[in-house]
Amino acid sequence: MGDIMGKTLYLECYSGISGDMTVAALLDLGADQKHLEVALSGLPVQGFRTEVSRVVKSGLDACDFSVILDQDNHDHDMEYLHGHSDEEHSHVHKHGHEHRGMKEIREIIEGSSISTRAKQTALRIFEILAEAESKAHGVPVEEVHFHEVGAVDSIVDIVSIAVCLDDLDVTDVVVPVLYDGTGFIRCQHGQIPVPVPAVVNVAQANHLKLKITDIEGELVTPTGAAVVAAVRTSEKLPEDFEILATGLGAGKRQYRCPGILRAMLIRSVEAEKQESDHIWRLETDIDDCSGEAMGHVMQILLENGAREVHYTPVFMKKNRPAYELVVLCKKDKISRMEEILFTETTTIGIRRSELERTILKRRAEKIRTSIGEAQVKICTLPNGKERCYPEYDSASALAGKAGISFREAYDTIVNCWKTER
């Protein structure tokens, strides 16, 4: 069931989230540091190096990721946050290369050697950020010049995050809530309130839940908020899960809270444990969509986590021919499924109901057979006996390779499983 899916990442943002904390947490989780170094060396951006080290935060061993800029490339973001004079900041604007807008950033990302999936993630993060900054400063998106962000360190942070997520093969990201601080921080134009406007704009545009704590200072940076908005697929943790790996990323600033971002790779265990189970049924009647459109929406629903999709021809009022489209999905996928139905079809209303179902205990396995390695589902019957169901994609691929029919491949896999026992 979960074989085609990549991994699920859970980000625990109790002391906020920033770009460098996220890179550090993902490296600590097991993203390949060598792979990241190669990716960064292929970036068409000069004037920086990165350092990965271990630090102790609240007595805990955490990973620290730093972007160190050459002198002439220095972004004064951190300095004006900590109250240095604005004169030294003014020269940043005289440098041509500091003025990076979305156009330049797109060119940098497109011109890099990172994978297509990583490029898409990095661009999505930057686009969300540009929208938020544009709204905060009252300038069009294409005219946003990233002073706080687009300086080299943010390009490096964002590209690194995209590369690490790709490296870990993360396809689902759970972020239940973002904790931020309160008060004011200094920026190049003076004092601004926390959560900073760019973070508020990202949260508003992308429906992120903010929790404001009484800690003085900025816990969520615009980059951190944009990362969550770009990659989050759910805000609900599965009820039961096991932890496959865990990583701690250290923040740079000193606040009352420890300043760590904890990341976990998790796997939901509900399918294996429970025999009675709940699933949601969404249904809608559509009387003005073509067969092609229905086929298209079915594919998108399945790719986005629907357990089952089918549609049935029906006759509606005035004897109009129509389709009833039914989607079965788990609770955490309802809003995504409804979003797809409203976007991809002409429906204006969706009915939903919760169904109880009885399912057999099942587990996914890979088995060796005479025609190659096959993915199978092993189900346990009520009497304790087991039954093998080859996965369709796997059986189909092996049939093609062996030049035999699907049925023969299917039977061969089942027979090999029986004899191996």
Side-chain angles (χ1 to χ4, degrees), residues 18-20 22-23 36-50 65-81 86 88-166 187-189 192 196-199 201-202 205-206 221-231:
S18 65
D20 53 357
T22 310
V23 183
L36 176 59
E37 282 161 14
V38 171
L40 292 178
S41 66
L43 266 188
V45 172
Q46 255 63 64
F48 74 91
R49 60 191 171 86
T50 56
F65 175 80
S66 298
V67 180
I68 295 131
L69 302 169
D70 296 356
Q71 268 327 100
D72 68 328
N73 213 354
H74 204 282
D75 178 22
H76 290 261
D77 186 16
M78 288 307 285
E79 278 161 34
Y80 60 68
L81 275 176
D86 273 353
E88 57 187 355
H89 194 262
S90 61
H91 80 274
V92 173
H93 295 288
K94 300 196 180 84
H95 280 175
H97 64 231
E98 228 83 358
H99 262 201
R100 292 207 163 92
M102 268 317 284
K103 186 168 152 297
E104 289 77 9
I105 281 168
R106 275 191 206 100
E107 284 162 11
I108 289 169
I109 292 171
E110 293 299 348
S112 69
S113 58
I114 64 179
S115 74
T116 311
R117 181 160 72 161
K119 281 180 183 174
Q120 284 168 342
T121 305
L123 282 169
R124 197 159 68 237
I125 296 169
F126 263 116
E127 273 153 13
I128 289 169
L129 207 45
E131 287 285 336
E133 294 285 354
S134 133
K135 198 173 157 193
H137 302 296
V139 296
V141 171
E142 288 304 326
E143 281 173 35
V144 168
H145 288 301
F146 291 104
H147 32 260
E148 290 164 67
V149 221
V152 176
D153 45 358
S154 294
I155 295 174
V156 176
D157 281 346
I158 288 172
V159 168
S160 299
I161 290 164
V163 168
C164 290
L165 288 170
D166 187 43
C187 82
Q188 129 206 19
H189 306 291
I192 58 170
V196 296
V199 167
N201 294 342
V202 170
N206 299 278
T221 65
T223 303
V227 167
V228 172
V231 303

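Bear in mind the structure is a predicted one, so any value in this text is a computation, not a measurement.
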Kindly indicate, with the supporting measurements, whether the criterion side-chain contact (heavy atoms from CB on, under 4.5 Å) is fulfilled by Thr223 and Leu129. CA-CA 7 Å; Thr223 303; Leu129 207 45; 4.2 Å; yes

Phe126 vs Ile108, side-chain contact (heavy atoms from CB on, under 4.5 Å): CA-CA, chis, key distance, verdict: CA-CA 12 Å; Phe126 263 116; Ile108 289 169; over 6 Å; no

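With contacts defined as side-chain heavy-atom distances shorter than 4.5 Å, the pair Thr22/Phe65 does not qualify. Residues Val144 and Val139 meet the side-chain proximity criterion, which asks for heavy atoms closer than 4.5 Å. Two residues are said to be in side-chain contact when any heavy atoms from C-beta on lie closer than 4.5 Å; Ile161 and Thr121 fail this criterion. Between Ser134 and Pro140 there is no side-chain heavy-atom pair separated by less than 4.5 Å. Side-chain atoms of Leu36 and Val23, non-hydrogen and from C-beta on, do get closer than 4.5 Å to each other. You'll find the side chain of Arg106 reaches within 4.5 Å of the side chain of Leu123, heavy atoms only.
The main-chain N or O of Ile128 is never found under 3.5 Å from a side-chain atom of Glu131 such that the two would form a donor-acceptor pair.
A salt bridge links Glu107 to Lys103: one of the charged nitrogens lies within less than 4.0 Å of a carboxylate oxygen.
Rounded to the nearest 0.5 angstrom, Ile158 CD1 and Ile125 CD1 are separated by 5.5 Å.
The two residues Ser41 and Val38 make their nearest non-hydrogen contact at OG-O, 2.7 Å. In this structure, Gln46 and Val152 approach most closely via the heavy-atom pair O-CG2, 4.3 Å.
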